[in-house]
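Notes follow once the structure below has been shown.
Below, each value reflects all heavy atoms present in this structure, side chains not excepted, and no hydrogens, waters or symmetry copies.
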Amino acid sequence: MKKHIQNPIFSIIAEAASEQKVDAYAIGGFVRDIILERPCKDIDVVAIGSGIELANAVAKKIGNLTKVTVFKNFGTAMLNFMDYEVEFVGARKESYDRNSRKPIVEDGTLEDDQNRRDFTINALAISLNKENLGELLDPFNGLNDIKNKILRTPLSPDITYSDDPLRMMRAIRFASQLDFTIEKESLESIRKNRQRIRIVSKERITDELNKIILSKTPSIGFKLLFDTGLLEIIFPEMAILHGVEFIGDKGHKDNFYHTIKVLDNICKNTDDLWLRWAAIMHDIAKPATKRFEKGHGWTFHGHEDKGARMVPKIFKELKLPLDSKMKYVQKLVRLHLRPIALVKDVSDSAVRRLLFDAGDDLDDLMILCNADITSKNPEKVKKYHQNFDLVQVKLKEIEEKDQVRNWQPPISGELIMETFDLKPCREIGVIKDAIREAILDGDIENNYDAAYQLMIIKGKELNLVANI
């Protein structure tokens with residue numbers, strides 16, 4: 001391991017630890033990521049003694065007025081060195097009350113500290129002591145688990161997951177991020193202890209959920225969430241997408257597996273968390289809108305509008321931001337069928353209306369709609385993508401010609417009021433709507449003169465007298 005601790009910070013910690021007469025070790029994610037050859041700029045250092053005192057001693061050696069941030073309630077301290085963020089903590093022994101995931105903490109040995117870790121791959125430690133600098137300490141054979149891509153707990157999984165139920169989410173998150181398999185006994189323990197997740201705050205659960213969503217192949221995580229029963233508890237609206245219903249020989253697709261396929265598809269083209277959330281939410285209202293029509297089969301009429309209305313409630317429940325990000329997801333859910341409809345109706349008017357309604361989010365909408373093309377028939381997928389290519393060409397042509405993306409009306413409400421000597425009233429909206437519809441339908445050109453003439457005509461129809 002010595003080659004991985006060449007940064008000067010490690011020798012500084014070793015010197016400070018020796019002077020303080022405490023043992024120190026790099027532990028956890030930093031060590032794991034070294035072995036996995038993943039970039040990591042966060043170093044966790046455990047001291048067999050006071051982590052805060054060791055941090056202050058290290059800062060003194062670095063000099064340059066290095067600032068130590070102390071979190072007294074947690075017994076931790078943090079400092080920055082070059083590109084690294086280094087956190088110091090004393091070795092701990094933990095015990096838990098059944099109704100809380102907050103541990104009762106006591107001073108402990110390195111062995112105690114490794115025992116309390118969530119997974120064997122996170123219990124690896126590298127000595128930062130002069131006598132054995134760089135030695136790897138691996139009491140639970142975590143190195144072998146990394147090699148075999150296995151996630152297992154250092155102690156009995158029932159103890160690990162019941163003590164801190166968030167670890168169930170972390171297991172699934174690591175499986176999704178690293179493409180690891182959760183060991184059989186551990187996976188069964190998550191199923192058995194799934195109800196314990198209810199004592200964890202929504203914020204912490206959603207933080208792990210977002211990390212699953214941001215992984216390379218989120219479907220790995222969502223399948224595990226569903227199979228263990230956690231999804232039904234933390235995100236029931238998504239869990240009920242699962243299943244296929246038949247009447248006679250007519251069945252619909254499994255909307256859960258379709259959704260996570262769309263999510264995987266979109267991840268090939270974007271790292272944006274909220275665009276990925278739009279993929280998750282795009283069919284969220286299908287269970288609520290599912291109907292069977294004789295002679296036709298299963299329908300989900302209006303699921304895009306119903307889904308958009310469901311977004312705020314789900315975001316609120318999951319403690320996701322109720323701001324422009326939520327409105328962005330809501331907008332994409334509402335519009336996600338519109339580009340598909342253009343395959344059948346690629347009229348200039350329909351294209352203009354989509355450009356107008358989507359505005360700056362049109363490109364993201366098209367990424368979502370392309371990801372929504374799922375079929376086991378590759379020829380079918382190819383044909384749909386070709387049709388979409390034609391739609392995108394048409395969108396570009398109309399936008400260049402008519403400039404209606406993020407369109408602002410050439411006639412303002414103030415001008416209408418001034419022209420007809422009006423105070424705020426219904427007639428102003430009627431005229432503005434008529435101008436907008438005429439431009440979107442292509443009945444008049446998108447310019448001031450054409451809009452002004454239509455304003456005068458509409459004013460006369462409404463018995464208004466123009467001050468010309």
Side-chain angles (χ1 to χ4, degrees), residues 1 17 22-36 40 42-52 54 71 73-77 87-129 132 135-148 150-175 178 180-190 192-193 196-197 199-200 204 208:
M1 290 283 110
V22 298
D23 288 341
Y25 304 87
I27 197 165
F30 175 76
V31 184
R32 177 199 70 222
D33 286 344
I34 281 173
I35 296 160
L36 286 168
C40 184
D42 298 325
I43 305 170
D44 289 332
V45 176
V46 64
I48 315 306
S50 171
I52 294 172
L54 179 58
F71 303 94
N73 289 345
F74 298 98
T76 65
E87 185 168 350
F88 297 82
V89 66
R92 297 184 294 178
K93 185 178 183 179
E94 295 179 344
S95 55
Y96 288 81
D97 179 277
R98 175 151 185 88
N99 296 314
S100 171
R101 57 177 293 267
K102 293 178 181 175
I104 300 161
V105 178
E106 304 171 65
D107 291 341
T109 63
L110 176 64
E111 183 183 5
D112 290 329
D113 205 89
Q114 288 173 305
N115 284 341
R116 75 178 181 83
R117 301 280 160 172
D118 48 9
F119 306 108
T120 61
I121 66 170
N122 292 332
L124 296 156
I126 298 174
S127 171
L128 300 180
N129 305 301
N132 60 345
E135 181 184 325
L136 181 70
L137 294 98
D138 182 15
F140 304 109
N141 213 6
L143 203 59
N144 201 49
D145 285 343
I146 288 176
K147 181 182 174 184
N148 294 315
I150 295 288
L151 281 165
R152 78 175 82 240
T153 57
L155 305 177
S156 159
D158 282 346
I159 294 171
T160 298
Y161 295 136
S162 183
D163 279 354
D164 184 354
L166 186 65
R167 290 168 176 164
M168 298 187 287
M169 292 292 298
R170 283 171 58 82
I172 291 171
R173 186 250 291 183
F174 281 124
L178 304 176
F180 274 35
T181 300
I182 300 174
E183 174 260 338
K184 187 178 177 183
E185 185 185 353
S186 194
L187 190 63
E188 185 52 42
S189 180
I190 294 174
K192 188 166 41 168
N193 289 284
R196 294 279 293 152
I197 200 69
I199 72 166
V200 181
R204 297 303 300 274
E208 292 297 329

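Partners of L155 according to the side-chain contact (heavy atoms from CB on, under 4.5 Å) rule, which considers only residues two or more places apart in sequence or in another chain, are N115, T160.
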Pair R167-D118, salt bridge (charged side-chain N to carboxylate O under 4.0 Å, His left out): steps then yes or no: CA-CA 6 Å; R167 290 168 176 164; D118 48 9; 5.5 Å; no
Step by step, work out the side chain to side chain contact (heavy atoms under 4.5 Å, CB included) result for L36 and L178. CA-CA 9 Å; L36 286 168; L178 304 176; 3.9 Å; yes
Set out, in order, the CA-CA distance, both residues' side-chain angles and the distance that settles salt bridge (charged side-chain N to carboxylate O under 4.0 Å, His left out) for R92 and D107, then state yes or no. CA-CA 5 Å; R92 297 184 294 178; D107 291 341; over 6 Å; no
Run L124 and I27 through side chain to side chain contact (heavy atoms under 4.5 Å, CB included) and show every step you take. CA-CA 6 Å; L124 296 156; I27 197 165; over 6 Å; no
List the steps, then state whether side chain to side chain donor-acceptor pair (under 3.5 Å) holds for T153 with Y161. CA-CA 9 Å; T153 57; Y161 295 136; 5.6 Å; no
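Annotation for D145 and F180: closest pair O-CE2, 4.1 Å, computed over non-hydrogen atoms. The two residues L54 and A47 make their nearest non-hydrogen contact at CD2-CB, 3.8 Å. The nearest pair of heavy atoms linking L151 to A171 is CD1-O, 3.3 Å. Residues G108 and D112 come closest through the heavy atom pair CA-OD2, 3.4 Å. The nearest pair of heavy atoms linking P165 to V200 is CB-CG2, 3.9 Å. The shortest heavy-atom contact between N129 and V22 is OD1-O, 4.0 Å.
Taking 4.5 Å as the limit, every side-chain heavy atom of V45 sits out of range of all side-chain heavy atoms of V89. A 4.5 Å side-chain heavy-atom check between L137 and Q114 finds at least one atom pair inside the cut-off. A 4.5 Å side-chain heavy-atom check between L128 and Y25 finds every atom pair outside the cut-off. A heavy-atom distance below 4.5 Å is not found between the side chains of I43 and E87.
Distance check: R116 CZ to I159 CD1 gives 16.0 Å after rounding to the nearest 0.5 Å. Rounding to the nearest 0.5 Å places CD1 of I126 at 11.5 Å from CG of N132. Interatomic distance, T109 OG1 to D23 CG, rounded to the nearest 0.5 Å: 11.0 Å. For the atom pair CD1 of I197 and CG of L166, the computed distance is 6.0 Å after rounding to the nearest 0.5 Å. Rounded to the nearest 0.5 angstrom, L143 CG and I121 CD1 are separated by 11.5 Å. Taking CG of L187 as the reference point, atom CE of M168 lies at 12.0 Å (rounded to 0.5 Å).
Using a 30° and 60° split on the angle between ring planes, F119 and F174 fall in the perpendicular class, above 60°.
For the 3.5 Å distance criterion, the side chains of D158 and S162 fail to qualify, holding no donor opposite an acceptor.
Comment: D113 engages R117 in a salt bridge, judged by a side-chain N to carboxylate O separation of less than 4.0 angstrom.
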